[in-house]
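What follows is a short report on a single structure.
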Amino acid sequence: MKTKLMIAPIRTSDGTFLAHYSARGLAGLEFPRGNKPGSASLTPADALSTAVRRWHLTTTKALKRALAGNVTRKLPPLDLSAGTVFQQKVWGALRKIAPGETRSYAQIAKAVGRPRTARAVGGACGANPIPVLIPCHRVVAANGQLGGFTAGLKWKHLLLAREGVAI
DNA sequence: AAACGGCAAAATG
DNA sequence: CATTTTGCCGTTT
């Protein structure tokens, strides 16, 4: 049985993101979907717990800063309990990359103590539940090219451009 | 047990 | 250089 999640929208100039909250904190962030199915139904605003309301304020500000290419000052507590140990290590390493900087998949692999797991690192990045705030987009291929991006390379390119990174 | 990736270094033409 | 192997590893089926 899974803990019920509360879902709240964040309207930005790039579209409406959806933030997922568990009892422990921010557990997921979805990119805007052009009027599509919309993964899950939003939690009615008046049904949000006070803790979630507070976190959501923080998430909203952080997301807007991140989309503008700035550093995120405060983040709500993150609930990454859904990930494997390896994934959590990778996500932790991603969070250390400052805006405007990039790393290769192999560099991340080294950073988590598994020098030969470049490919597996790619998988972990794709499984990142909180894109943008956990900057999976700052990981590029060793040859200087973009590499891949589950949510669509256009986003990866846009996010990096906002931070002043040229590919 | 097998297949599949957001990879990368080496080998090839 | 541009392409094609050939290893590699955590996840997923």
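Side-chain atoms are counted along with the backbone in the values below, which use heavy atoms only and exclude waters and symmetry mates. Naming: A, B, ... by sequence-line order, numbering from 1 per chain.
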Measuring only between side-chain heavy atoms, which start at C-beta, is A:Thr117 closer than 4.5 Å to A:Tyr105? no

The answer to which of A:Ala118 and A:Ala127 contacts DNA chain C further toward the 5' end, by nearest nucleotide, is A:Ala118

Okay, side chain of A:Trp91, backbone of A:Ala127: is any donor-acceptor separation there less than 3.5 Å? no

Given atom NZ of A:Lys110 and atom C1' of C:dC9, what is their separation to the nearest angstrom? 17 Å

Roughly how many Å is it from CD in A:Gln107 to P in B:dA9, rounded to a whole number? 10 Å

Hey, does A:Gly123 reach any base, or is it just sugar-phosphate, or nothing, if we go heavy atoms under 4.0 Å? nothing

Quick check: closest heavy atoms across A:Ala47 and A:Thr43, and the distance to 0.1 Å? CB-CG2, 3.9 Å

Could you tell me the separation between the CD1 atom of A:Ile97 and the C1' atom of B:dG6, rounded to a whole number of Å? 13 Å

Heavy atoms, side chains only, cut-off 4.5 Å: are A:Val140 and A:Val165 in contact? no

State, yes or no, whether a side-chain contact exists between A:Leu160 and A:His137 at a heavy-atom distance under 4.5 Å. yes

Return the pairing partner of C:dT13 with a 3.5 Å limit on both distances, Watson-Crick or G-U wobble; otherwise return none. B:dA1

Please give the distance between the P atoms of B:dG6 and C:dT6 as a whole number of Å. 23 Å

For B:dG6, the nucleotide meeting Watson-Crick or G-U wobble distances (both under 3.5 Å) is none

So which of residues 140-167 of chain A are in contact with DNA chain C, with a heavy-atom cut-off of under 4.0 Å? none

Whole-Å distance, A:Ile108 CD1 to B:dA8 P, equals 11 Å

Determine the contact category for A:Val121: base if any of its heavy atoms lies under 4.0 Å from a base atom, sugar-phosphate if only primed atoms, P, OP1 or OP2 are that close, otherwise nothing. nothing

Rounded to whole angstrom units, what separation is found between the CZ atom of A:Arg103 and the P atom of B:dC7? 18 Å

Whole angstroms only, please: what is the CZ-C1' distance between A:Phe86 and B:dG5? 13 Å

Can the ring centroids of A:Tyr21 and A:His56 be said to lie less than 6.0 angstrom from one another? yes

In this structure, how many angstroms lie between the P atom of B:dG5 and the CZ atom of A:Arg119, rounded? 9 Å

Look at the aromatic rings of A:Phe31 and A:Phe17 and report parallel, tilted or perpendicular, splitting at 30° and 60°. tilted

Quick one: the side chain of A:Arg116 and the base of C:dG7, do they pair up donor-acceptor inside 3.5 Å? no

